[in-house]
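Data first, discussion second: the structure below is written as C-alpha cells.
Residues take their numbers from the sequence shown, with the count starting at 1.
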Amino acid sequence: MKEETVNRIRQFVSNRDWDRFHSPSNLAKSIVIEAAELLECFQWSDDFDMQHVKEELAGVLIYSQQLLDKLGLDMDDIINMKMTMNENKYPVETAKGSSQKYDLL
C-alpha cells in the first residue's frame with residue numbers, strides 16, 4: 001500500500017480519536033465482519049456489483065492496515081514470510097494444477 005494511503009488512514013482515525021477503540025481484537029473482528037460483507041456480494045450469484053465489492057474489499061484492507069500498525073508489523077515482511085511458507089507447503093512439482101490441501105498432495 002502506498003505510504004500516502006497509509007497516512008490517510010492514520011490521519012482519518014487520529015482526527016476522530018478512534019484509536020482507543022482499535023484494539024487488536026476489535027480490529028480482527030472488524031476484518032472478519034468486512035470480509036463477510038464482501039462475501040455477501042457473491043452470495044446468490046456471480047453477477048455482482050463491482051462498486052459494492054470495491055467498498056467491502058477496501059474495508060478489509062483498511063482494517064488490515066490498522067491492525068498492522070497496532071501490532072507494529074510490516075505488510076511486505078509478513079506477506080513474504082507467508083509466501084515462503086506456502087512455497088514450501090505447495091511445491092510446484094506436486095501442487096501444480098491441483099486444488100488439494102498440502103497434506104493430501
Side-chain angles (χ1 to χ4, degrees):
M1 192 177 301
K2 294 178 184 174
E3 193 63 28
E4 172 185 331
T5 306
V6 172
N7 288 334
R8 186 174 182 186
I9 295 167
R10 291 173 180 156
Q11 191 64 53
F12 179 87
V13 172
S14 177
N15 287 347
R16 289 154 182 81
D17 193 25
W18 285 354
D19 188 60
R20 58 187 160 143
F21 306 117
H22 292 172
S23 66
S25 65
N26 283 345
L27 291 168
K29 292 170 197 172
S30 295
I31 291 167
V32 171
I33 291 165
E34 290 294 328
E37 291 174 359
L38 174 61
L39 184 58
E40 189 175 35
C41 295
F42 304 98
Q43 186 172 9
W44 301 115
S45 85
D46 288 332
D47 183 26
F48 56 88
D49 176 349
M50 183 61 81
Q51 180 60 34
H52 193 194
V53 169
K54 291 191 302 187
E55 292 168 12
E56 300 305 342
L57 183 55
V60 171
L61 295 170
I62 291 166
Y63 281 127
S64 294
Q65 179 58 53
Q66 290 176 287
L67 185 56
L68 287 165
D69 280 349
K70 186 61 70 170
L71 298 176
L73 299 173
D74 179 83
M75 183 185 313
D76 288 322
D77 289 346
I78 67 171
I79 288 174
N80 283 307
M81 174 203 64
K82 183 64 174 177
M83 289 305 301
T84 298
M85 292 170 65
N86 288 343
E87 289 162 352
N88 290 328
K89 284 186 351 185
Y90 296 96
V92 172
E93 301 79 28
T94 56
K96 188 171 184 175
S98 174
S99 63
Q100 295 291 318
K101 189 174 174 185
Y102 67 94
D103 60 347
L104 298 175
L105 292 172

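Nearest heavy-atom pair across Thr94 and Leu105 is O-CD2, 3.4 Å. Taking all atoms of both residues into account, the shortest heavy-atom contact from Leu68 to Ile78 is CD2-CD1, 3.5 Å. Across all non-hydrogen atoms, the minimal contact from Lys70 to His22 is CE-O, 2.8 Å.
For the pair Leu39/Gln43, no side-chain contact is recorded, criterion being any heavy-atom separation below 4.5 Å from C-beta on. Here the side chains of Met81 and Thr84 are not in contact, with every heavy-atom distance at 4.5 Å or above. A 4.5 Å side-chain heavy-atom check between Tyr90 and Met85 finds every atom pair outside the cut-off. At least one side-chain heavy atom of Glu55 sits under 4.5 Å from a side-chain heavy atom of Gln51. Within the 4.5 Å cutoff, the side chain of His52 has no heavy atoms near those of the Glu37 side chain. Between Phe42 and Val53 there is a side-chain heavy-atom pair separated by less than 4.5 Å.
Here SG of Cys41 is found 7.0 Å from CG of Asp49. Values are rounded to the nearest 0.5 Å. To the nearest 0.5 Å, the span separating CG on Leu57 from OG on Ser64 amounts to 9.5 Å. To the nearest 0.5 Å, the span separating CD on Gln65 from CG on Leu61 amounts to 9.5 Å.
Phe12 does not carry Arg8 over the face of its six-membered ring by the limits of under 6.0 Å from the centre and within 45° of the normal.
Leu27 and Trp18 fall into different hydrophobic clusters, where Ile, Leu, Val, Met, Phe, Trp and Tyr side chains are chained together by heavy-atom contacts under 4.5 Å. Connection of Val60 to Val6 is established within a shared hydrophobic cluster, with ILVMFWY side chains joined at heavy-atom distances below 4.5 Å, either directly or through further cluster members. When hydrophobic clusters are built by joining Ile, Leu, Val, Met, Phe, Trp and Tyr residues whose side-chain heavy atoms come closer than 4.5 Å, directly or via intermediates, Tyr63 is not grouped with Val32. Hydrophobic clustering of Ile, Leu, Val, Met, Phe, Trp and Tyr side chains at less than 4.5 Å, counting indirect connections, keeps Ile33 apart from Leu38. Side-chain heavy atoms closer than 4.5 Å link hydrophobic residues (I, L, V, M, F, W, Y) into clusters, and following such links, possibly through other members, connects Met83 to Met75.
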